[in-house]
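First the structure, in the form of structure tokens, and then the observations on it.
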Amino acid sequence: MNPPLTVVILAAGKGTRMKSGLPKVLHTLAGKPLIGHVLATADFLHPDKVCVVYGHGGETLPKAIDRDDLAWALQEPQLGTGHAVQQAVPHIDPDGICLILYGDVPLTRPETLQEMVMIAREGAIALLTVRLDDPSGYGRIVRNAHGQVERIVEHKDANAEEQAIREVNTGILCLPAGKLVRWLGRLGNDNAQGEYYLTDVIAMAATEGERVLPCHPSADWEVLGINSRAQLASLERRHQRNQAEVLMAAGVTLIDPERIDVRGELNCAQDVRIDINCIFEGRVVIGENSVVGANCVIKDAEIGPGVEIKPFCHIDGAKIGAEAVIGPFARLRPGTELAEEAHIGNFVELKNAQVGFNSKINHLSYVGDATVGRKVNIGAGTITCNYDGANKHHTVIEDEAFIGSDTQLVAPVTVGRGATLGAGTTLTKDAPPDQLTLSRAKQLTVPGWQRPAKKQK
């Protein structure tokens, strides 16, 4: 049986360079707070407990995350990384192992951490390091003559020889918890920062003859932290490129992989084609051979196979059947369900509307709180008047009905199967099946009428 795993996430920093009143770890990457990415990675490891060390911003962070399964430890004041982990000690099982993560390092792969956990379960200390062309600001990994890790020296405490070292500490560490707790109790703050460094436990471990085994990420971006908005923007693009590469490997065509934003979960079948500047939020599923035009925003949607979504469409909480055609400039709001081969055209808005097979709403219309049958044609300028100022009401348009342009359907109302509504009709009563219904003022021409002229000043 594996020893229990405690994950400690350090998230107490202010992030001064962010120039923000918001705790740094609550700034978003791909639509999710930085710490949200770290928590998702931790969850992948199935830990027995996760403890978040917070400080700057007070209760803002615990309230924002709002997870009952997390332990919280307040670090006040903030006296360094070692001091931060000390606050989590009451939540660490000394008979298990402990993994230290950082709330502002969002892109570490779970596979990288799994390797570290395995090393710690064997009784050694796993230290995540990386070699950088420019190691400025990072703690350097100092090895002895045998190549074994001897200690970590922080940049401000390093001499010229040590500053030349390119292998640096990422801060991510996994080790037997009982040893960690013992070494934390021996930390001092005799250094340039006057802080309690977590990195000092490595020197203690080496002195006691413990095995310190460096691990390495697959890419530098796995261990990059965020301290400024420029770094946040840079890592955002790296993350989006990673997601684009996964999509393309799965058979998706991206017209420009640098111009796509996935802010949630995007699942595409083969031969989906996505044009530039599209944003996907929440959970989106797209069926094979579907096409998404440029500049679309799609959120929490299920899109069937062979669908064509033309440019500049907004789709939120909708389900779209196979071979449907949407847009351009269409808006599908929550509760919209389109059957196969439905056509929704330019400047059409749907909300909580079910549209049947091969029905068409092609121009300048609003259909809300409605059920539309099969092979219905709704003309330009049609509106379902679903709200009376207090309550919503439903409109039913049955199969093969034809709705003339500039029609208002005042709900609750039903248009019968095969009925035709004349252009300009305001329908306040049910329209019978297979008949023409219209309401229209009599056309008049006023002889001798003249348009008013401007008065001369």
Side-chain angles (χ1 to χ4, degrees), residues 1-10 38-39 41-51 53 81-82 84-86 88-89 91-103 105-132 135 138-144 146-154 165-184 186-187 197-225:
M1 181 176 177
N2 287 325
L5 170 63
T6 301
V7 176
V8 175
I9 301 174
L10 305 187
V38 182
L39 287 167
T41 302
D43 290 341
F44 189 89
L45 303 174
H46 303 293
D48 296 275
K49 181 173 285 189
V50 177
C51 177
V53 181
T81 51
V85 180
Q86 286 174 346
V89 166
H91 304 287
I92 298 174
D93 186 338
D95 295 323
I97 63 174
C98 184
L99 173 65
I100 311 296
L101 301 176
Y102 294 80
V105 181
L107 299 186
T108 310
R109 297 167 61 247
E111 295 81 0
T112 299
L113 300 180
Q114 282 179 320
E115 178 186 356
M116 299 180 69
V117 169
M118 290 175 61
I119 290 171
R121 282 177 174 157
E122 294 172 357
I125 297 160
L127 178 67
L128 194 63
T129 74
V130 66
R131 291 185 179 274
L132 299 177
Y138 287 88
R140 306 305 201 276
I141 303 298
V142 179
R143 296 174 181 260
N144 61 22
H146 303 289
Q148 297 167 329
V149 175
E150 189 174 68
R151 61 192 173 91
I152 300 171
V153 58
E154 296 297 333
I165 297 171
R166 290 177 51 205
E167 185 181 14
V168 303
N169 174 44
T170 67
I172 296 175
L173 180 67
C174 192
L175 70 170
K179 296 174 183 178
L180 171 64
V181 172
R182 177 163 53 85
W183 292 327
L184 286 172
R186 293 166 48 191
L187 290 179
Y197 292 154
L198 177 63
T199 50
D200 286 349
V201 304
I202 298 301
M204 296 178 192
T207 299
E208 295 182 13
E210 297 286 349
R211 291 183 300 151
V212 180
L213 303 180
C215 300
H216 309 289
S218 62
D220 293 353
W221 49 259
E222 281 197 59
V223 296
L224 292 178

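On a predicted model such as this, the values are computed, not experimentally measured, just so you know. We use all heavy atoms of the structure for the numbers below, so side chains are in, but hydrogens, waters and symmetry mates are not.
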Using modelled atom types only, decide if a donor and an acceptor are shared between the side chain of [X] and the backbone of [Y] within a distance under 3.5 Å.
| X | Y | value |
| --- | --- | --- |
| Thr112 | Pro217 | no |
| Arg151 | Val149 | no |
| Tyr197 | Glu154 | no |
| Gln86 | Leu184 | yes |

Distance (rounded to the nearest 0.5 Å) between [X] [atom1] and [Y] [atom2]:
| X | Y | atom1 | atom2 | answer |
| --- | --- | --- | --- | --- |
| Met118 | Leu213 | CE | CG | 12.0 Å |
| Thr199 | Leu127 | OG1 | CG | 9.5 Å |
| Leu180 | Leu198 | CG | CG | 7.0 Å |
| Ile125 | Lys179 | CD1 | NZ | 6.5 Å |
| Glu115 | Cys215 | CD | SG | 4.0 Å |

Mind listing the closest non-hydrogen atom pair of [X] and [Y] along with its distance?
| X | Y | value |
| --- | --- | --- |
| Trp183 | Val201 | CB-CG1, 3.8 Å |
| Leu5 | Arg121 | CB-NH2, 4.4 Å |
| Asp95 | Pro3 | O-CB, 3.9 Å |
| Asp48 | Pro4 | OD2-CA, 3.1 Å |
| Val38 | Pro106 | CG2-CA, 4.0 Å |
| Ala42 | Pro47 | O-CD, 3.1 Å |

Is there side-chain contact between [X] and [Y], with at least one heavy-atom pair below 4.5 Å?
| X | Y | value |
| --- | --- | --- |
| Arg109 | Phe44 | no |
| Leu173 | Ile202 | yes |
| Pro214 | Ile141 | no |
| Ile97 | Cys174 | yes |
| Leu101 | Thr108 | no |
| Val8 | Cys98 | yes |
| Arg140 | Val168 | yes |
| His91 | Thr6 | no |

Worked verdict on His216 versus Thr129 for side chain to side chain contact (heavy atoms under 4.5 Å, CB included): CA-CA 6 Å; His216 309 289; Thr129 74; 3.1 Å; yes
Leu113 vs Ile172, side chain to side chain contact (heavy atoms under 4.5 Å, CB included): CA-CA, chis, key distance, verdict: CA-CA 9 Å; Leu113 300 180; Ile172 296 175; 3.9 Å; yes
Cationic N near anionic O, under 4.0 Å, Glu208 to Arg186: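 Yes, this pair counts.
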Arg143/Glu167 under salt bridge (charged side-chain N to carboxylate O under 4.0 Å, His left out): CA gap, chis, key distance, verdict: CA-CA 10 Å; Arg143 296 174 181 260; Glu167 185 181 14; 2.9 Å; yes
Residue from Leu39, Thr41, Val53 passing side-chain contact (heavy atoms from CB on, under 4.5 Å) with Ile9: Leu39
Within 6.0 Å of CE in Met204, more than 12 heavy atoms from elsewhere: yes
